[in-house]
Amino acid sequence: MTAGASAARAGVAALLALAAGSAPAAQYEPGKGLVARPQQDFVAPAPGTYRLPPIQHAADGWVLDGDWLPRRLSHYTRGALTLLSFVYTYCTDPIGCPLAFETFVDLRERVRADPLLKGRVRLVSLSFDPTHDTPAQMQLYGGAYARDRDVPWAFLTTYSVRFLKPILDGFGQDVEVELDADGQPTRTLTHLLKVFLIDERGRVREIYSAAFLQPEVMLNDLRTLALESAARRR
């Protein structure tokens, strides 16, 4: 077994142990705290002046929305320009899940005001922790955003880690569970923040890390894909 495979197996074992373990930490309350935004010190290229080649197909798997009905993740990643991030509701890392959440809030308003994008963009937040983050908990986390259909924002979870892991693997999204001094899993998850830009055909076209989570750049990327789609239809 390679070192990478050993690490992956250890990560899954820790997630499974976490699922059976302790109570969750304090939950981040969207909009209730300041999130340190990365500073944009460059001018974003104009929409349509560059290409975003396909990187990979978006992973698929079974997920749960607020109604508890199982659906394929592809139901939420095809037919619209989609921004997807993995989160957990009690994350308090200012350059982690809260940053992704507040960036999505910012982008929603920009999309709503953009005639080219309005009605063509969807946001998706999928939980790392299906044990704590039930469909009801994810709806609570989303609040009014989960109910607003103007710019749809799906707050999803899975039945269990067994259903979640193939999705994480398919996207290449790593996550580790921190261990305490006795080697027991805590409820702190460590992950590299990634936001995936997915086109209408379910292909990942860009992957943003925390340092490049710039609303202006992301909006221009969305507009570039919208223009590409319009040209293709013509």
Side-chain angles (χ1 to χ4, degrees), residues 35 37-40 42-61 63 72-87 95-128 142 145-146 148 150-156 166-175 191-233:
V35 175
R37 296 282 185 87
Q39 297 299 308
Q40 182 175 322
F42 60 91
V43 177
T49 62
Y50 58 95
R51 294 185 65 251
L52 294 169
I55 298 172
Q56 64 188 66
H57 286 285
D60 203 2
V63 296
R72 300 295 290 177
L73 180 57
S74 55
H75 176 79
Y76 302 92
T77 58
R78 297 196 178 192
L81 300 174
T82 303
L83 286 164
L84 178 147
S85 70
F86 292 92
V87 302
I95 59 170
C97 310
L99 175 59
F101 194 104
E102 299 300 338
T103 300
F104 278 12
V105 169
D106 187 323
L107 275 169
R108 282 183 80 259
E109 298 310 310
R110 296 173 188 247
V111 167
R112 192 196 304 272
D114 191 321
L116 180 63
L117 295 178
K118 188 173 181 180
R120 302 186 60 183
V121 176
R122 177 199 299 119
L123 306 174
V124 177
S125 295
L126 176 57
S127 176
F128 276 121
Y145 299 118
D148 186 354
D150 199 14
V151 181
W153 189 346
F155 292 85
L156 308 176
I167 298 173
L168 295 177
D169 290 346
F171 276 102
Q173 174 68 72
D174 298 323
V175 60
H191 64 96
L192 178 65
L193 176 62
K194 295 180 181 180
V195 173
F196 299 86
L197 172 60
I198 304 169
D199 67 19
E200 295 163 327
R201 293 191 279 178
R203 301 175 300 174
V204 176
R205 304 294 290 272
E206 184 62 279
I207 303 173
Y208 307 99
S209 65
F212 293 96
L213 217 57
Q214 311 280 1
E216 181 184 343
V217 173
M218 298 167 76
L219 186 76
N220 284 2
D221 288 350
L222 285 166
R223 299 191 86 242
T224 292
L225 293 186
L227 291 169
E228 175 190 291
S229 178
R232 187 172 62 248
R233 286 196 297 270

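Here the structure is a predicted model, which is why all the values come from computation and not from measurement.
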Determine whether [X] and [Y] make a side-chain contact, defined as any pair of heavy atoms from C-beta on separated by less than 4.5 Å.
X	Y	result
Arg120	Val111	no
Val204	Leu84	no
Met218	Leu197	no
Val217	Phe212	no
Val151	Leu107	no
Glu216	Leu219	no

Taking all atoms of both residues into account, what is the closest heavy-atom pair of [X] and [Y], and its distance?
X	Y	answer
Ala100	Leu193	CB-CD1, 3.9 Å
Glu206	Asp221	CG-OD2, 4.1 Å
Leu192	Gln173	O-NE2, 3.0 Å
Leu213	Val195	CD1-CG2, 3.6 Å
Ala44	Asn220	CB-ND2, 3.6 Å
Ala226	Leu116	CB-CG, 3.9 Å

Could you tell me the separation between the [atom1] atom of [X] and the [atom2] atom of [Y], rounded to the nearest 0.5 Å?
X	Y	atom1	atom2	value
Leu222	Asp199	CG	CG	11.0 Å
Gln214	Asp106	CD	CG	10.5 Å
Glu200	Leu225	CD	CG	8.0 Å
Leu73	Ile198	CG	CD1	7.0 Å

### Phe101 and Trp153 aromatic ring geometry - parallel, tilted or perpendicular at 30°/60° bounds
tilted
How would you list, by chain and number, every residue that makes a side-chain contact (heavy atoms from CB on, under 4.5 Å) with [X], sequence neighbours excluded?
X	result
Pro54	Arg203, Arg205
Ala59	Phe171
Ser74	Asp60, Arg72, Thr77, Arg78

Excluding sequence neighbours, so at least two apart, what forms side chain to side chain donor-acceptor pair (under 3.5 Å) with [X]?
X	result
Ser85	none
Arg108	Asp148
Arg232	none

### Query
Ion pair present between Arg110 and Asp114, side-chain N to carboxylate O less than 4.0 angstrom?
no
### Note: Arg51-Glu228 ion pair, threshold 4.0 Å (strictly below)
no
#### Entry: Non-neighbouring partners of Arg122 that pass salt bridge (charged side-chain N to carboxylate O under 4.0 Å, His left out), sequence neighbours left out
none
### Query
Does Thr103 use its side chain to pair, donor to acceptor, with the backbone of Leu99 at less than 3.5 Å?
yes
### Task
Check for a donor-acceptor pair, side chain of Thr224 on one end and backbone N or O of Gly48 on the other, with a separation under 3.5 Å.
yes
### Query
What residues form a ring-ring contact (aromatic ring centres under 6.0 Å, His included) with Tyr208, not counting sequence neighbours?
none
### Message
For a side-chain contact (heavy atoms from CB on, under 4.5 Å) check, start with the C-alpha distance between Ile167 and Phe86, then their side-chain angles and the critical distance, and finish with the verdict.
### Response
CA-CA 10 Å; Ile167 298 173; Phe86 292 92; 4.0 Å; yes
### Query
Is His75 atom NE2 crowded by more than 12 heavy atoms from other residues, nucleotides or ligands, each under 6.0 Å away?
yes
